[in-house]
Novice: 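Quick one: the structure is below, and I'll ask about it shortly.
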Number of protein chains: 2
Amino acid sequence: MSWFEKDVVVDEKESAFLAEYDPRDYPPVAVTVDVVALTIRAGVLHVLLVERGRPPQQGRWALPGGFIRPGEDLPEAARRELAEETGLSPRAHIEQLATYGSPERDPRMRVVSISYLAFAPDLPDPEAGSDAAAAAWHPALRPPELAFDHARILADGLERARAKLEYTPLATTFTGETFTISELRGVYETVWGVPLHAGNFHRKVLSVPGFVEATGHSTISGGSRGGPRAKLYRAGDARLLHPALLRPTETEQEEAR
Amino acid sequence: MSWFEKDVVVDEKESAFLAEYDPRDYPPVAVTVDVVALTIRAGVLHVLLVERGRPPQQGRWALPGGFIRPGEDLPEAARRELAEETGLSPRAHIEQLATYGSPERDPRMRVVSISYLAFAPDLPDPEAGSDAAAAAWHPALRPPELAFDHARILADGLERARAKLEYTPLATTFTGETFTISELRGVYETVWGVPLHAGNFHRKVLSVPGFVEATGHSTISGGSRGGPRAKLYRAGDARLLHPALLRPTETEQEEAR
DNA sequence: ATAATAGTGTCTGTAAGACAGTATATC
DNA sequence: GATATACTGTCTTACAGACACTATTAT
């Protein structure tokens, strides 16, 4: 008797208000995790994609992901998928984004996908040392055509990332361990896609308690095009920013989902 | 050949970067939806619960929910579960909350549950005309002991509801079609659990574009303890509030998930 | 020297909150 | 009349954004 059958027998006593039907009557559901992994490379926001090697959607790019394994927690599965493609330390920041389960989203069978959002500092190309057939960073705002509903998942991930920068210190997860205020501003400008006023941003960041803390050191040299050496900071202990750094003049119709 | 077997045969060609293993090797995963349905009754926030009639966790209360059905989209499943317990119109506001999939969360088998958050105006008790064995509204802040990880799901739903009131006009989904500013303030005070300054709240609400729009009518009588007749408003067309109504002086360690 | 950048000072507009005050209703 | 409520006026404080300015570095 298989694991599946044994449990279904137990479930036969289940009363209507709990299940209303016997799960055995229906085809199984595949549960996967997909990861929207974002990084900044050369001042451009990039997303990690893998190329599909077989139908359906052969040749198209897709978000890295795969089936959850027995006994494996969901964030654990997302970290594993990410590590398999990038060699990225499984300790990177990762958070649940949303779950997609439209019956038509995969032509083969019913697939429910839990998406995760990951932020990472600039990483090496994923090919070397990875078991991925083809994986690469692509510009997040101009990705190739994506398989299934992954374009929608990516769009949701980008909007979440933009919103999270406002009220959390997650921008620091895109930088190295220490960073200058200018580098931090670059993260905001890249993710939000808008230029920010350097002076006001500087004062604002330092005024938010726990956002950054001084290291006491400065950069070795000035900027490549001149300027004084900037002070170096590391991430503070705040988990929320107060007051928040609001995006400038949003027309806003989004995020009200 | 069953639906299940047929598709697994197709999957055998799957290459490592997509699945890494054959789903047939593993026990199936049950996918359910659970609904955190909130309403305000007599000035107290309530959550809809159903009583479990069988082990495990027999006698405990749980969030309404159940298995998704083939061909049924996730929000559709959530609306159906809610309608089955309450007779509530399936057009109520509903939004995805989060997905819970810890391997230990249900002792019987692997269950991945997608939770939804629903807001509703004051509703009648769910017993009459419902197919639920036992369903009732309970105080959301002092619920009975809940089955599985439903206490956590409820807590997440409450925090999401509180946050959503800040930057969306969802408070109006707790009221009738028309409402006074005082009634709207009552929603905020109940959900946030803090008293608000009546005068400042009044001016603030009217100053946010698209939050409420005047009906031109007033209440028939004044308040039960005196006072002038209040003007009636209906929900405006804004989907986001600008500027937002921020909760007063939050110590804040939450929401940074 | 020129240009670019780091960082600070200052002003203005907006908005939140505290508080007061007036009008209108119930008891 | 007493009291509670609806709604408005005004003041203070905080902060975002614009602008100006100095100091420091690369070229």
Side-chain angles (χ1 to χ4, degrees), chain A residues 43 165-167 175 178-189 192 194-209 211-233 240-250 252, chain B residues 43 165-167 175 178-189 192 194-233 238 240-250 252:
Chain A
L165 287 200
E166 290 191 314
Y167 60 95
T175 67
T178 66
F179 49 86
T180 66
I181 301 297
S182 285
E183 288 169 350
L184 190 63
R185 177 166 49 86
V187 173
Y188 278 89
E189 292 177 329
W192 285 351
V194 294
L196 299 175
H197 184 103
N200 289 339
F201 181 88
H202 195 105
R203 180 169 354 111
K204 171 69 180 175
V205 166
L206 296 185
S207 76
V208 176
F211 190 2
V212 299
E213 63 184 36
T215 63
H217 301 109
S218 295
T219 53
I220 304 295
S221 61
S224 59
R225 285 174 292 186
R229 298 177 210 167
K231 292 177 187 167
L232 285 168
Y233 297 84
L240 287 171
L241 303 183
H242 270 292
L245 283 81
L246 298 180
R247 277 175 279 187
T249 52
E250 326 160 32
E252 277 167 357
Chain B
L165 287 201
E166 290 190 315
Y167 61 95
T175 67
T178 66
F179 49 86
T180 67
I181 301 296
S182 285
E183 288 170 350
L184 190 62
R185 176 165 49 86
V187 172
Y188 277 89
E189 292 177 329
W192 285 351
V194 295
L196 299 174
H197 184 102
N200 289 339
F201 181 87
H202 195 106
R203 182 169 356 126
K204 171 69 181 175
V205 166
L206 295 186
S207 76
V208 176
F211 190 3
V212 299
E213 62 184 37
T215 64
H217 300 109
S218 295
T219 54
I220 302 296
S221 61
S224 60
R225 284 175 292 186
R229 297 177 210 167
K231 292 177 187 166
L232 285 168
Y233 298 84
L240 287 171
L241 304 183
H242 269 292
L245 284 81
L246 298 180
R247 277 175 280 186
T249 54
E250 326 162 31
E252 276 168 359

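In the text below, chain A, chain B and the rest are named by the order of the sequence lines, each starting its count at 1. Every heavy atom of this structure was used, including side-chain atoms; hydrogens, water molecules and symmetry mates were not.
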Novice: For B:A238 and B:P209, work out which heavy atoms get closest and say how close.
Specialist: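 Closest pair (atom of B:A238, atom of B:P209, distance): CB-O, 3.6 Å.
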Novice: Kindly determine whether A:E183 and A:Y233 satisfy side chain to side chain contact (heavy atoms under 4.5 Å, CB included), including the steps that lead there.
Specialist: CA-CA 10 Å; A:E183 288 169 350; A:Y233 297 84; over 6 Å; no
Novice: Working to the nearest 0.5 angstrom, can you tell me the gap between B:T178 OG1 and B:E213 CD?
Specialist: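 Answer for the OG1-CD pair, B:T178 versus B:E213, is 11.5 Å.
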Novice: B:H217 has an atom NE2; how far is it from atom P of D:dA6, in whole Å?
Specialist: 19 Å
Novice: Please give, in whole Å, the distance from D:dA14 P to A:L241 CG?
Specialist: 20 Å
Novice: B:K231 NZ to C:dA23 P: how many Å, rounded?
Specialist: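 Distance check: B:K231 NZ to C:dA23 P gives 15 Å.
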Novice: Nearest whole angstrom, please: distance from the P of C:dG17 to the CG of B:L245.
Specialist: 9 Å
Novice: For A:L246 and C:dT14, what is the distance between atoms CG and C1' respectively, to the nearest whole Å?
Specialist: 13 Å
Novice: For the side chain of A:T219 and the backbone of A:G222, is there at least one donor-acceptor N/O pair under 3.5 Å apart?
Specialist: no
Novice: Describe the nucleic acid contact of B:T180 in one word from base, sugar-phosphate, nothing, applying a heavy-atom distance below 4.0 Å.
Specialist: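 Counting heavy atoms under 4.0 Å across all strands, no contact is made by B:T180.
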Novice: Can you tell me how far C1' of C:dG21 sits from NE2 of B:H202, to the nearest Å?
Specialist: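 That distance rounds to 15 Å.
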Novice: Given atom CG of A:L196 and atom P of D:dC15, what is their separation to the nearest angstrom?
Specialist: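 Going from CG in A:L196 over to P in D:dC15 covers 19 Å.
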Novice: Atom CD1 of B:I181 and atom C1' of D:dC7: how far apart are they, to the nearest Å?
Specialist: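 To the nearest whole Å, that distance equals 10 Å.
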Novice: Answer yes or no: is there a donor N or O on one side and an acceptor on the other, between the side chain of A:E189 and the main chain of A:L196, under 3.5 Å?
Specialist: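 Yes; at least one donor-acceptor contact below 3.5 Å.
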Novice: When rounded to the nearest 0.5 angstrom, what is the spacing between CG in A:L232 and CD1 in A:I181?
Specialist: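 A:L232 CG to A:I181 CD1: 9.5 Å, rounded to 0.5 Å.
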Novice: Does the pair B:F179 and B:R185 meet the rule for a side chain to side chain contact (heavy atoms under 4.5 Å, CB included), with working shown?
Specialist: CA-CA 10 Å; B:F179 49 86; B:R185 176 165 49 86; over 6 Å; no
Novice: For A:R229, check side-chain hydrogen bond (donor to acceptor under 3.5 Å, both in side chains) against everything at least two apart and list the hits.
Specialist: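 side-chain hydrogen bond (donor to acceptor under 3.5 Å, both in side chains) list for A:R229, sorted by chain: empty.
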Novice: Across nucleotides 19-27 of chain D, 5' to 3', mark each nucleotide with B, S or - according to how protein heavy atoms within less than 4.0 Å reach it.
Specialist: B---BBBSS
Novice: Determine whether B:F211 and B:L245 satisfy the following criterion, side chain to side chain contact (heavy atoms under 4.5 Å, CB included), listing intermediate values before the conclusion.
Specialist: CA-CA 11 Å; B:F211 190 3; B:L245 284 81; 4.0 Å; yes
Novice: Does anything in residues 207-214 of chain B reach DNA chain D, meaning a heavy atom under 4.0 Å, and if so which residues?
Specialist: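 The stretch gives none, as no residue of it lies under 4.0 Å from the strand.
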